[in-house]
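These notes are about the structure you will find just below.
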Amino acid sequence: MSGLNPCESFSKFDTSKIVAFSEMYPNDFSNGEKGCLLGDLTVFYHTVKVDDKFKNLGGITDLARAMVETGTHKTFPLVYRVLKLALVLPVATATVERCFSKIKLIKTDLRNRMGDEVLNNALLCAVEKESFLKVKEEDVMARFQAFKNRRGNIF
């Protein structure tokens, strides 16, 4: 990802790092696209280096924004795809790490025989805690009451 950095007039822009980064995603790039990417990166580098709209960019988010504003995301779609992958990667890995941390809390030795459906439901409640805090207890009780006739009301 550091090879995409546009800071200091693209001084850290490194095509070999960008190509290596794209090779980590074989489902997103065909063999033909991988072959074209190096050429596109070279042309992209020389194009944006002389363009005043790409000067003084603070990071890859600014680079993505400048590409969309100038329309170069259509001219260099492979470069833009690599850039989007680099922008999404931190968010995607943080979400997965958060889920695994919750699994460690939920699936303990005492709950080791938990079925997939129960584990999935418990994990959903743990990960999306903010959403579940908005649900009213009365609504939950009314829903359970509607499942089956009971001798008495829950609430």
Side-chain angles (χ1 to χ4, degrees), residues 1-137 139-140 143:
M1 286 176 37
S2 65
L4 288 164
N5 195 346
C7 294
E8 299 168 9
S9 297
F10 292 89
S11 64
K12 298 177 184 177
F13 196 83
D14 188 354
T15 55
S16 62
K17 285 183 180 179
I18 299 168
V19 170
F21 177 74
S22 71
E23 289 174 354
M24 288 190 252
Y25 297 95
N27 295 335
D28 292 309
F29 296 95
S30 67
N31 289 333
E33 290 175 333
K34 287 178 189 174
C36 294
L37 182 60
L38 183 60
D40 282 0
L41 285 167
T42 306
V43 174
F44 174 76
Y45 173 75
H46 292 296
T47 302
V48 298
K49 187 127 172 92
V50 296
D51 193 345
D52 290 336
K53 295 175 185 169
F54 289 92
K55 293 208 188 289
N56 302 322
L57 296 177
I60 60 174
T61 55
D62 293 338
L63 177 60
R65 191 174 295 119
M67 284 183 74
V68 171
E69 289 172 357
T70 59
T72 53
H73 70 291
K74 292 179 182 174
T75 309
F76 300 102
L78 294 176
V79 177
Y80 189 65
R81 190 181 317 162
V82 171
L83 188 59
K84 286 192 304 185
L85 281 171
L87 288 170
V88 169
L89 184 64
V91 176
T93 52
T95 303
V96 171
E97 291 294 328
R98 188 175 76 168
C99 288
F100 277 113
S101 296
K102 296 290 184 180
I103 286 176
K104 283 196 312 188
L105 294 173
I106 292 172
K107 191 161 181 159
T108 62
D109 289 337
L110 296 174
R111 296 182 187 157
N112 201 21
R113 294 182 184 252
M114 188 182 297
D116 288 342
E117 186 176 349
V118 174
L119 177 63
N120 189 29
N121 292 338
L123 187 60
L124 181 67
C125 294
V127 171
E128 299 296 335
K129 186 186 279 186
E130 297 85 21
S131 298
F132 280 98
L133 289 174
K134 297 175 185 174
V135 177
K136 296 177 185 172
E137 292 176 9
D139 294 340
V140 174
R143 184 167 179 131

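Quick note: numbers below take in every heavy atom, side chains included, and nothing from hydrogens, waters or symmetry partners.
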Considering only residues two or more places apart or on different chains, which pairs with a residue in residues 29-43 satisfy salt bridge (charged side-chain N to carboxylate O under 4.0 Å, His left out)?
E33-R81
T72 side chain vs V68 backbone, donor-acceptor pair below 3.5 Å
no
Check whether any side-chain heavy atom of F29 lies under 4.5 Å from a side-chain heavy atom of L85, and answer yes or no.
yes
Looking at residues at least two apart in the chain, or sitting in another chain, which of them share a ring-ring contact (aromatic ring centres under 6.0 Å, His included) with Y45?
F13
Applying the side-chain contact (heavy atoms from CB on, under 4.5 Å) test to F21, which of K17, E23, M24 qualifies?
M24
R65 bridged to D62 by N-O distance under 4.0 Å
yes
Can you name the nearest heavy-atom pair linking V50 to H46, along with the distance?
CG2-O, 3.6 Å
To the nearest 0.5 Å, atom OG1 of T47 lies from atom CZ of F76 at 4.0 Å
Using a cut-off of 6.0 Å, state whether more than 12 heavy atoms not belonging to K53 lie near its atom NZ.
no
With rounding to the nearest 0.5 Å, note down the distance linking SG in C36 to CG in N31.
11.0 Å
Starting at OG1 of T61, measure out to CG of L83 and round the result to the nearest 0.5 Å.
9.0 Å
Taking all non-hydrogen atoms of both residues into account, name the closest pair between S16 and D14 and its distance.
OG-OD1, 2.8 Å
I18 side, atom CD1; L78 side, atom CG - distance, nearest 0.5 Å
12.0 Å
Can you list everything that forms a salt bridge (charged side-chain N to carboxylate O under 4.0 Å, His left out) with D28? Sequence neighbours excluded, please.
none
Nearest 0.5 angstrom please: M67 CE to F44 CZ, how far?
4.5 Å
Find the distance between CG (L57) and CG (L63) and round it off to the nearest 0.5 Å.
6.0 Å
